[in-house]
Amino acid sequence: MTTERYNIKAAEAKWQKSWSDQDVFTVKEDTSKEKYYVLEMFPYPSGRIHVGHVRNYTLGDVVARYRHALGYNVLHPMGWDAFGLPAENAAIERGEHPGKWTRENIAQMREQLKSMGLSIDWSREVATCDPDYYRHEQAMFLKFLEKGIAYRKEAVVNWDPVDNTVLANEQVIDGKGWRTGAPVERRKLNQWALKITDYAEELLEDVKKLERWPEKVRIMQENWIGKSQGLQFKWNIIGSEDQIEVYTTRPDTLFGASFVALAPDHPMSAALAGNKNGFDAFIKACQAQGTSEAAIEQAEKLGFDTGLQATHPLLGREVPIYIANFILMDYGTGAIFGVPAHDQRDFDFAKKYNLPIQQVISSAEEIDLNKESYSGAGKLINSQFLDGLEIAEAQAEIIKRCENDNSGFGVTKYRLRDWGVSRQRYWGCPIPIIYCDDCGVVPVPAAQLPVTLPEDVSFDKPGNPLAHHPSWKHVNCPSCDKPATRETDTFDTFFESSWYQFRYCDPQNDTQPIALDKADYWMPFGGGVEQYIGGVEHAVLHLLYARFFTKAMRDCGIVNTSEPFTGLFTQGMVTHETYQDEAGKWLLPSETLKNDDGTTVHVQTGKPVTVGATIKMSKSKKNVVDPEEILGTYGADAARLFILSDSPPERDLEWTESGIEGAWRYINRLHRLITENMHKLSPAGAQPAEDKATTEILRAAHATIKGVGADIDNFQMNKAVARIREFSNAIDKFLKDSAGSDTAIPREVFEILLQLIAPMMPHLAEELWHLLGHETLIYNQMWPKANEALLANDTVTIGVQVNGKVRATITMPKDADSKAFENEALAQDTVKAAI
RNA sequence: GGGCCCGUGGCGGAAUGGUAGACGCUGCAGACUUAAAAUCUGUUGUUCGUAAGAGCGUGCCGGUUCAAGUCCGGCCGGGCCCACCA
């Protein structure tokens, strides 16, 4: 018998064409079916997909195909997060227009994704740089402005003095601009911001309810929002009318206060310092101070003594006033009172400036206040009316007294800051605002939207090309028609990714971001995207912004949804070994060769190569593999299978050559398993034989249906793959055992196998399904139902332990009583011997 | 400094408190082949033993339990996130 070897390339292309020709992935609202929205974080169109994308989209595709087979109306879209800096950098480096560069990249990446065989409804594709996308964003921004959710404020930003642009925090490395290396300046600029702080409490309360989010991400968001409760009150300045307002979460330690300190950039600091010598130098030193982790750890606590004293309004305590480098203007009120005995920073400061260290919390454990502060539990001492109280009681008491006395009040604060959305960049969505000398800030009228980017821009000057453009920014004021200028800033690119999940539901709508009825179908009040999948690196920024945006859209009447993503899965990274040649130069995995003796050498020179740590794939360490090469060599199914096989999806996945080869071998083995045994298939419609082997293989089939379904539900794709391999091994054994006899393999067994592999290896499943004689696509086949009657196992095998050691195993009827188990156990020779 | 997660063979990893190591990768031995590749078969925690078999084994110490990789307490080690946040 001759069997043709499985031609992976031809088969994968053929079935991709079939899916496309039959338009099976296009989806419409259908109220007769339950919907299921599967979404993976959309890619930035950098030009080529990387293995992280392959992992992300494979995971999503398994869920989408599985849910579709279960009968859900599945929405599984794809798009492009297309605005951003790399496009501008490419423009600067190669003189290409960012739009052209981006669109070419999209075209290339779309083809790469299609070659993975993803079940994506490409008719819903969106690119955020498309005016038809961002016009709605501009309209929403104007609604936010009306509602008071968007506002203009003066904010301190990271300013690169060489490029003349604002940098994001991530673009500041050790206090220097990432591109220019110039020391970053802190500058005050007028910026548009969104009032995410108004939503702090709702964001915090709701994130606790997102049960299908990883605990880790929920905690990260909670920490980021940073709710704290404390006391806010004012200290009087001796010899002045002014007061210093402070915030503390430890009002109980008030009697231990030995100083009051203000942030260097606190509005009162300069006045308090007066014209004392050294203040300017002190401020300069504070500004020069790095913000990196290392810098903070090494930084000495520095203070500037104003020479003034402050008194507590309720208690009359008198303490010196300092300006200190470790006080942050962005948190609380930008001023504190210091309690050296119970706060380590205050302790360090007190040691340096010889301030008193007064203990007010006692503890059973030993406290040495010469060495360090004590911040644990205990009872109040040295605190007059608070003495003897527990910390929590003391806090309540002091807040009560201050409130009665009107000298202070209990207050809830959040660490969360408003979201500054202005960027001095070209390749972003223009902010639809016009500035008029007479009318001030004028929103662009709805009829004039979208404000589109000019095509003819030059990048030869540093700074924002929109500001340099000769004509773009000059317009007439919409209200008085006098000459006016446009806002030349563009939105932060997180703006686009904050609402794209809605746009996929109604991508062609040119009057609204999304029609309400479509939003209500796909992203109803009770929940949005059932399954969102992406990297954990977006745990805070993107996922918090998108949650906020959804609530803001809801409050503007655009949607009824409160939470965009009801289910979230964060995948692990893809890692790879690293390689260096003798000179220490990093080598690509494809430049190395493993010898049989275990050594690794350079593929061309044959010189030894040092194999280094297995770390996240990165261009700089060159430990990357190109998905296009993998797909070309092994095919999409093998790549998908390997990605799903070994590591649990939430953990890091080590990419290995032997692993992908193993997956490829299994694809071929499955193909042979079916094609070489077609003649053993039972005829269609025949009742299965009732012999033991046939019953066992059917039982295995149905147990596998149940297990694989549960595994996919639980995102344990590696277990699903193991189960399928176990099942195919069982089929293999069945066929070998029955060789020579006329025992048929039930057709159902092969069909179940193919249906179970279909979400993971869709091309192979279609190919073999077709070879079994089916005219319809396996994609449209309903997921098989496990036959519970077959699964009901009537015997059970248990281990018998004596003194904690397994001495025997016994197999008993499941409904046997405990006495029967006991008798059988005691009858075992090994058990008798052990007793 | 705060928070979270994880420690199981040579490796990735399985295991509702109930036969630890499923499934794979690697290695080893063999079959087929002139040879190689591919494929197939066997084997692969560790120690002792020719073998049958026996002992030891889930980072360490203790606890709960008839029974612990799993639950509890305390250590040790590794990773991630946040952070002069008052």
Side-chain angles (χ1 to χ4, degrees), chain A residues 5 214-224 226-228 230-232 246-251 253 257 260-261 263 289 291 293 295-302 324-339 342-346 348-349 372-373 375 413-417 536-537 539-540 572-573 575 594 596 598 614 641-642 645-648 650-663 665-666 668-669 672 711 716 718-729 732 736 796-811 830:
Chain A
R5 200 191 164 92
E215 173 97 36
K216 178 173 62 170
V217 175
R218 297 198 323 231
I219 290 169
M220 282 166 76
Q221 292 218 349
E222 283 175 29
N223 290 342
W224 190 265
K227 182 177 181 173
S228 68
L231 171 68
Q232 189 163 323
V246 301
Y247 169 72
T248 179
T249 56
R250 290 296 303 274
T253 62
V260 162
Q289 179 182 309
T291 51
E293 191 180 331
I296 286 164
E297 235 158 63
Q298 285 163 15
E300 205 180 349
K301 302 282 176 286
L302 289 176
N325 66 345
F326 65 97
I327 311 302
L328 305 176
M329 193 54 223
D330 324 339
Y331 189 80
T333 59
I336 62 145
F337 66 84
V339 184
H342 304 291
D343 181 288
Q344 191 56 37
R345 289 158 306 163
D346 297 347
D348 295 341
F349 191 80
E372 57 180 9
S373 63
S375 56
K413 296 232 180 243
Y414 300 91
R415 199 182 73 100
L416 188 66
R417 303 288 90 185
V536 73
E537 66 272 19
V540 177
M573 299 179 302
T575 64
K594 279 205 169 41
D596 285 344
T614 299
L641 176 63
F642 171 56
S645 286
D646 284 352
S647 298
E650 69 278 11
R651 284 200 218 164
D652 287 354
L653 167 75
E654 186 184 355
W655 187 277
T656 61
E657 196 71 7
S658 53
I660 179 74
E661 272 174 10
R665 274 202 301 274
Y666 185 63
N668 285 296
R669 199 181 308 153
R672 282 197 308 273
D711 290 339
Q716 296 177 300
N718 56 322
K719 283 168 65 180
V721 170
R723 234 181 262 278
I724 287 169
R725 295 185 92 127
E726 228 171 325
F727 178 38
S728 73
N729 288 347
D732 200 43
K736 286 201 170 101
V796 60
T797 303
I798 64 167
V800 180
Q801 297 187 7
V802 180
N803 294 332
K805 293 196 198 309
V806 178
R807 300 295 172 177
T809 61
I810 54 174
T811 301
T830 45

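These numbers were taken from a predicted model, which means no experiment stands behind them. Chain A is the first sequence line, chain B the second, and so forth, proteins listed ahead of strands; every chain is numbered from 1. Hydrogens, waters and symmetry mates play no part in the numbers below; they use all other heavy atoms, side chains included.
- Both distances falling under 3.5 Å, in either a Watson-Crick or a G-U wobble arrangement, occur for no nucleotide opposite B:rU64.
- With sequence neighbours excluded, no residue forms a salt bridge (Lys or Arg N to Asp or Glu O under 4.0 Å) with A:D646.
- Comparing B:rG45 with B:rA83, their C1' atoms sit 44 Å apart, to the nearest whole Å.
- When Watson-Crick and G-U wobble pairs are counted only if both distances are under 3.5 Å, B:rC25 pairs with B:rG10.
- Looking at residues two or more places apart in sequence or on another chain, you find a salt bridge (Lys or Arg N to Asp or Glu O under 4.0 Å) between A:K227 and A:E201.
- B:rC56 is paired with B:rG45 under the criterion used here, namely a Watson-Crick or G-U wobble arrangement in which both key atom distances are under 3.5 Å.
- Following rounding to the nearest Å, A:D330 (CG) and B:rA86 (P) show an atom-to-atom distance of 13 Å.
- With a 4.5 Å cut-off on side-chain heavy atoms, A:D346 and A:I336 count as touching.
- Atom P of B:rG59 sits at a distance of 8 Å from the matching atom of B:rU70, rounded to the whole Å.
- Across all strands, A:K719 comes closer than 4.0 Å only to sugar-phosphate atoms, never to a base (heavy-atom distances).
- No engagement by A:R723 is indicated, since no non-hydrogen atom pair under 4.0 Å with the nucleic acid exists.
- Taking atom CG on A:D348 and atom P on B:rA86, their separation rounds to 16 Å, with Å as the unit.
- When rounded to the nearest whole Å, the span between CG of A:D732 and C1' of B:rU41 equals 12 Å.
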Side-chain donor-acceptor distances from residues 722-729 of chain A under 3.5 Å, at least two apart:
from   : atom 1 : to     : atom 2 : distance (Å)
A:R723 : NE     : A:D711 : OD2    : 2.7
A:R723 : NH2    : A:D711 : OD1    : 3.3
A:R723 : NH2    : A:D711 : OD2    : 3.3
A:S728 : OG     : A:Y666 : OH     : 2.7
A:S728 : OG     : A:R725 : O      : 3.1
A:N729 : ND2    : A:R725 : O      : 3.4

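- Atom CH2 in A:W655 sits 11.5 Å away from atom OG1 in A:T575 (nearest 0.5 Å).
- Annotation: B:rA31 and B:rA37 have their C1' atoms spaced 15 Å apart (nearest Å).
- Between B:rC6 and B:rA86, the distance separating the two C1' atoms is 33 Å to the nearest Å.
- The base-pairing partner of B:rC32, taking Watson-Crick or G-U wobble contacts with both distances under 3.5 Å, does not exist among the strands shown.
- Comparing atom distances between the A:N325 side chain and each of B:rC81, B:rC25, B:rC84 picks out B:rC84 as nearest.
- B:rG9 and B:rU43: their C1' atoms are spaced 15 Å apart (whole Å).
- Of the candidate nucleotides B:rC40, B:rA86, B:rA83, B:rA86 has the atom lying nearest to any side-chain atom of A:T248.
- Remark: A:K216 NZ is loosely packed, at most 12 non-hydrogen atoms of other residues, nucleotides or ligands lying under 6.0 Å away.
- Taking a pair to require two hydrogen-bonding distances under 3.5 Å in either a Watson-Crick or a G-U wobble arrangement, B:rG69 remains unpaired.
- Of the C1' atoms belonging to B:rC61 and B:rA52, the separation is 38 Å, rounded to the nearest Å.
- For the P atoms, the distance linking B:rC11 with B:rU58 amounts to 15 Å, nearest Å.
- Toward the 5' end of RNA chain B, the nearer of the two residues A:R250 and A:V536, judged by each one's closest nucleotide, is A:V536.
- Across the protein-nucleic acid pair, A:E222 atom CD and B:rC85 atom P stand 19 Å apart, rounded to whole Å.
- Between the CD atom of A:E650 and the P atom of B:rA14 there is a distance of 8 Å, given to the nearest Å.
- Residue A:R345 is in base contact, counting any heavy-atom pair closer than 4.0 Å across all strands shown.
- Separating the C1' atom of B:rC56 from that of B:rG69 is a span of 16 Å, rounded to the nearest Å.
- At whole-Å resolution of the value, CZ in A:R725 and C1' in B:rC23 are 7 Å apart.
- Under the Watson-Crick or G-U wobble criterion, with both distances below 3.5 Å, B:rG1 is paired with B:rC82.
- For A:E726, the listed nucleotide lying nearest its side chain is B:rA22; candidates were B:rC25, B:rA86, B:rA22.
- Across B:rG24, B:rC85, B:rA83, the shortest atom-to-atom separation from the side chain of A:N729 is found for B:rG24.
- With A:Q716 contributing its side chain and A:P648 its backbone, the two residues share no donor-acceptor pair below 3.5 Å.
- Using a 4.5 Å heavy-atom threshold, the side chains of A:R250 and A:V339 count as separate.
- Taking the syn range as angles within 90° of 0, the glycosidic angle of B:rG30 is outside it, so the base is anti.
- A close approach under 4.0 Å does occur between a side-chain nitrogen or oxygen of A:Y331 and OP1 or OP2 of B:rA86.
- The residue A:K736 sits close only to the backbone: its heavy atoms come under 4.0 Å of sugar-phosphate atoms, none of a base.
- In this structure A:D330 satisfies the salt bridge (Lys or Arg N to Asp or Glu O under 4.0 Å) test with no other residue, sequence neighbours excluded.
- Taking side-chain N and O atoms only, A:R665 has a distance below 4.0 Å to OP1 or OP2 of B:rC25.
- Atom NZ of A:K301 is separated from atom P of B:rG1 by 13 Å (rounded to the nearest Å).
- Applying the 4.0 Å criterion to OP1 and OP2 of B:rA86, one finds that A:R415 has every side-chain N and O outside that range.
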Heavy-atom protein contacts under 4.0 Å, nucleotides 4-13 of chain B, coded B base, S sugar-phosphate only, - none: S-------BS
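- Remark: C1' of B:rC84 and CD of A:Q344 are 11 Å apart, rounded to the nearest angstrom.
- By the side-chain contact (heavy atoms from CB on, under 4.5 Å) test, A:R345 is found to be paired with A:K301, A:F326, A:D343, residues two or more places apart in sequence or in another chain being considered.
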